[in-house]
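Working notes for the structure below.
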Amino acid sequence: MASHWLMKSEPDVFGIDDLAKKKTGGWDGVRNYEARNFMKVMKVGDKVLFYHSNALPSGVAGIAEVCREAYPDPTQFDRKDGHYDPKAAPDKPIWFQVDLRFVSKFPRFVPLDELRGMPELADMALFKRSRLSVIPVTPAQWMRIVKRGG
DNA sequence: GCCAACGTTGGC
DNA sequence: GCCAACGTTGGC
């Protein structure tokens with residue numbers, strides 16, 4: 001059975017409309033071990049809430065799904081890339097990414113304010129761990145949020 | 001642009 | 001191994 005996740009992206013850099021246009025997108029640049037570990041256990045077909053962070057307003061913009069499981073993030077080896085990690089080498093990669101496929105854009109954007117107001121979501125790491133960019137979502141939470149998205 | 005939260009680094 | 005300093009994230 002597919003797992004559910006919430007993944008953050010800054011819409012100024014890569015938002016739901018960018019994914020819709022490209023159909024698929026690589027989730028590179030994650031440099032947090034916990035977020036990386038979550039990506040490592042993702043399976044093709046896992047469902048993802050596409051969250052806009054650092055946005056006005058921030059919130060869930062739509063749905064994507066995992067279309068390629070974790071593989072080494074090439075930006076860690078690229079000196080010219082802002083995500084370059086000198087401790088990583090191609091034979092011992094540190095950072096991984098998954099690829100996502102666009103599924104749908106919510107007819108109704110669900111802002112963070114509204115998520116905060118939903119008692120079913122009170123336990124979500126989204127609120128307690130504000131800096132975590134990849135967050136597991138329970139099926140019940142998933143259903144609630146998707147319903148709000150119309 | 002500011003700043004609080006918090007993860008990471010590095011000196012000891 | 002501790003912990004202060006530092007850097008980054010993300011809401012506002």
Side-chain angles (χ1 to χ4, degrees), chain A residues 3-22 24-42 46-66 68-100 102-138 140-142 144-150:
Chain A
S3 301
H4 302 82
W5 309 92
L6 179 147
M7 297 174 80
K8 297 179 183 175
S9 184
E10 302 192 22
D12 290 346
V13 180
F14 190 83
I16 189 82
D17 291 330
D18 298 304
L19 186 65
K21 198 179 302 171
K22 286 182 59 187
T24 64
W27 217 264
D28 60 11
V30 172
R31 295 293 180 270
N32 170 283
Y33 288 103
E34 205 174 351
R36 177 203 67 181
N37 293 344
F38 283 137
M39 288 200 293
K40 276 185 159 184
V41 300
M42 288 182 187
D46 277 8
K47 306 293 184 195
V48 177
L49 292 169
F50 197 115
Y51 180 93
H52 283 177
S53 62
N54 260 313
L56 293 172
S58 294
V60 179
I63 298 174
E65 69 180 18
V66 176
R68 183 176 174 190
E69 288 169 17
Y71 62 99
D73 174 351
T75 63
Q76 69 193 301
F77 311 125
D78 182 357
R79 282 173 195 284
K80 295 186 296 295
D81 194 282
H83 298 292
Y84 174 65
D85 186 341
K87 293 192 294 298
D91 60 329
K92 52 176 176 76
I94 298 172
W95 304 110
F96 291 78
Q97 68 172 95
V98 295
D99 289 353
L100 298 186
F102 175 77
V103 174
S104 66
K105 181 178 175 175
F106 280 169
R108 208 185 138 270
F109 182 84
V110 185
L112 178 59
D113 255 5
E114 191 172 330
L115 297 171
R116 279 212 191 92
M118 297 163 66
E120 312 83 21
L121 306 184
D123 292 337
M124 276 188 83
L126 182 62
F127 312 117
K128 292 175 184 160
R129 309 281 315 284
S130 63
R131 292 191 49 193
L132 190 59
S133 61
V134 180
I135 293 167
V137 175
T138 67
Q141 291 168 345
W142 173 273
R144 294 284 185 172
I145 296 170
V146 170
K147 242 179 217 170
R148 292 293 181 109

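Just so you know, these numbers come straight off a predicted model, no measurement behind them. Convention: sequence-line order gives letters A, B, ...; per-chain numbering from 1.
- With values rounded to the nearest 0.5 angstrom, Asn37(A) atom CG is found 8.5 Å from Asn32(A) atom CG.
- Between Tyr84(A) and Gln76(A), the side chains place no donor N or O within less than 3.5 Å of an acceptor N or O (distance only, hydrogens not considered).
- Counting non-hydrogen atoms under 4.0 angstrom, Arg31(A) reaches nothing in the nucleic acid.
- Residue contacts for Tyr51(A): at a heavy-atom cut-off of 4.0 Å it reaches the sugar-phosphate backbone alone, with no base atom in range.
- Nearest-nucleotide mapping onto DNA chain C: of Arg131(A) and Ala55(A), the residue sitting toward the 5' end is Arg131(A).
- The six-membered or imidazole ring of Trp95(A) lies near that of Tyr33(A), with a centre-to-centre distance under 6.0 Å.
- Position along DNA chain B of the nearest nucleotide to Asn54(A) versus Asn32(A) favours Asn54(A) as the more 5'-ward residue.
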Could you list the donor-acceptor pairs under 3.5 angstrom formed between side-chain atoms of residues 49-56 of chain A and any protein atom two or more places apart in sequence or on another chain?
| from | atom 1 | to | atom 2 | distance (Å) |
| --- | --- | --- | --- | --- |
| His52(A) | NE2 | Ile16(A) | N | 3.0 |
| Asn54(A) | ND2 | Glu10(A) | OE2 | 3.3 |

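- Side chain of Asp73(A) to main chain of Asp28(A): no donor-acceptor pair is present (N/O by atom type, distance under 3.5 Å, no hydrogens or angles).
- Once you apply a 4.0 Å limit to the heavy atoms of chain A, the touched nucleotides of DNA chain C run 5' to 3' over dG7(C) to dC12(C).
- The ring-ring contact (aromatic ring centres under 6.0 Å, His included) check on Phe38(A) picks up Trp5(A), with sequence neighbours excluded.
- Residue whose closest nucleotide on DNA chain B sits further toward the 5' end, between Lys87(A) and Phe127(A): Phe127(A).
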